[in-house]
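As structure tokens, the structure follows; a few thoughts come after it.
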2 protein chains.
Amino acid sequence: MSDLLARLRVRGWRMTAQRRVVAEVLDGDHVHLTADEVHARAVKRLPEISRATVYNALGELVSLGEVLEVSTDRRAKRYDPNAHRPHQHLVCARCGAIRDVHPVGDPLAALPQAERFGFTVSEAEVTYRGVCPGCVTA
Amino acid sequence: MSDLLARLRVRGWRMTAQRRVVAEVLDGDHVHLTADEVHARAVKRLPEISRATVYNALGELVSLGEVLEVSTDRRAKRYDPNAHRPHQHLVCARCGAIRDVHPVGDPLAALPQAERFGFTVSEAEVTYRGVCPGCVTA
DNA sequence: GCTTGACTTGGATCGAGTCCAATGTAGGGT
DNA sequence: ACCCTACATTGGACTCGATCCAAGTCAAGC
């Protein structure tokens, strides 16, 4: 879909085989992969790629703002390639499945000035928790 | 303030020296301590208490609903003794300070049925991020 | 094509948390 | 008061995700 590779090249991101593969993995499915899952998929295309490189590449994509980090629990961080549109996450408490969701209104607006305690508040991150259809019936 | 110890006893929580100390630490200051910080304070009163025991006690207080777990980043979980009133958290991106805040309205209500994808949604956890007054001037 | 500064590697290391078998003890029963 | 036993504690080993590092490799500008 989105031409992540092209955008990265334009922004002067030094392109290597490893980085290309990582970017391609993320640009493919719009699921929320862990670093290890990204590594597993990357290995299929480039067997020698190391975990450290995957971590490096992911970290850079995050600081470039092309990918979002999501940590909904104490397990592995997940990487969300859908960085272009603001959204929140809905997580299944049983199986850990994650969906992007779009609540109405700006969650930041719900925090009155009096509740900001002098902070410069820049972001509101909402995690909805529940049980997904699959886990309810199972 | 809240008589955590009394409530625990009433609920049949088997009381040991270690558990008492952990409960007292949490009931004292209303700050958001990590497990290690709880342990450090507990050791002052009961030098032999082990980390594992602190983890056990904290875990039980959480499942009893007397304490909330807060993980705002990839670092250590923090424990929030203010479980009796619903609230959200405001976190300083620089120093990690946490404040309890009370946004207006129910964040759960902001998620339309169409955005729930068949999940049974039970909870909305909001983390506001920003920079605290101390870190802005520093 | 050379050069060089940036990238990659894998193995060591780290930090938070969990697990476990051995030991200790709270609290109900008598 | 004392005993029993089910439950709690201990600390050291272990897990898991992530980060660090020094040595080797390579993309891209000249």
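In what follows, every chain begins at residue 1, and chains take the letters A, B, ... in the order their sequences are listed.
With sequence neighbours left out, the side chain to side chain donor-acceptor pair (under 3.5 Å) criterion links Ser122(A) to no other residue. When the side-chain contact (heavy atoms from CB on, under 4.5 Å) test is applied to Ala93(B), no partner is found at least two apart in sequence or on another chain. In this structure, the ring-ring contact (aromatic ring centres under 6.0 Å, His included) partners of His89(B), at least two apart in sequence or on a different chain, are His32(B), His87(B). Scored by the salt bridge (charged side-chain N to carboxylate O under 4.0 Å, His left out) test, Asp100(B) finds no partners at all (sequence neighbours excluded).
Listed by first and then second residue, the salt bridge (charged side-chain N to carboxylate O under 4.0 Å, His left out) pairs involving residues 14-26 of chain B are Arg19(B)-Glu60(B), Glu24(B)-Arg45(B) (not counting sequence neighbours). Listed by first then second residue, pairs satisfying salt bridge (charged side-chain N to carboxylate O under 4.0 Å, His left out) with a partner in residues 110-127 of chain A read Glu125(A)-Arg129(B), not counting sequence neighbours. Sorted by first and then second residue, the salt bridge (charged side-chain N to carboxylate O under 4.0 Å, His left out) pairs involving residues 79-95 of chain B (not counting sequence neighbours) form an empty list.
Distance, Glu69(B) CD to dG17(C) C1': 11 Å, rounded to whole Å.
Less than 4.0 Å separates DNA chain C from at least one heavy atom of each of the following residues of residues 37-54 of chain A: Glu48(A), Ile49(A), Ser50(A), Ala52(A), Thr53(A). Within a heavy-atom distance below 4.0 Å of DNA chain D, the residues of residues 70-80 of chain A found are Ala76(A), Lys77(A).
Chain B approaches DNA chain D within less than 4.0 angstrom (heavy atoms of the protein), and the contacting nucleotides run 5' to 3' from dA6(D) to dA18(D).
Counting heavy atoms from C-beta on, the side chains of His39(A) and Val25(A) never come closer than 4.5 Å.
Direction of the helix axis in the helix from dG1(C)-dC30(D) to dT30(C)-dA1(D) shifts by 30° between the two five-pair termini, rounded to 10°.
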Show the distances under 3.5 angstrom between N or O atoms of the protein and N or O atoms of nucleotides 27-30 of chain C.
unit_1	atom_1	unit_2	atom_2	d
dG27(C)	OP1	Met15(B)	N	3.0

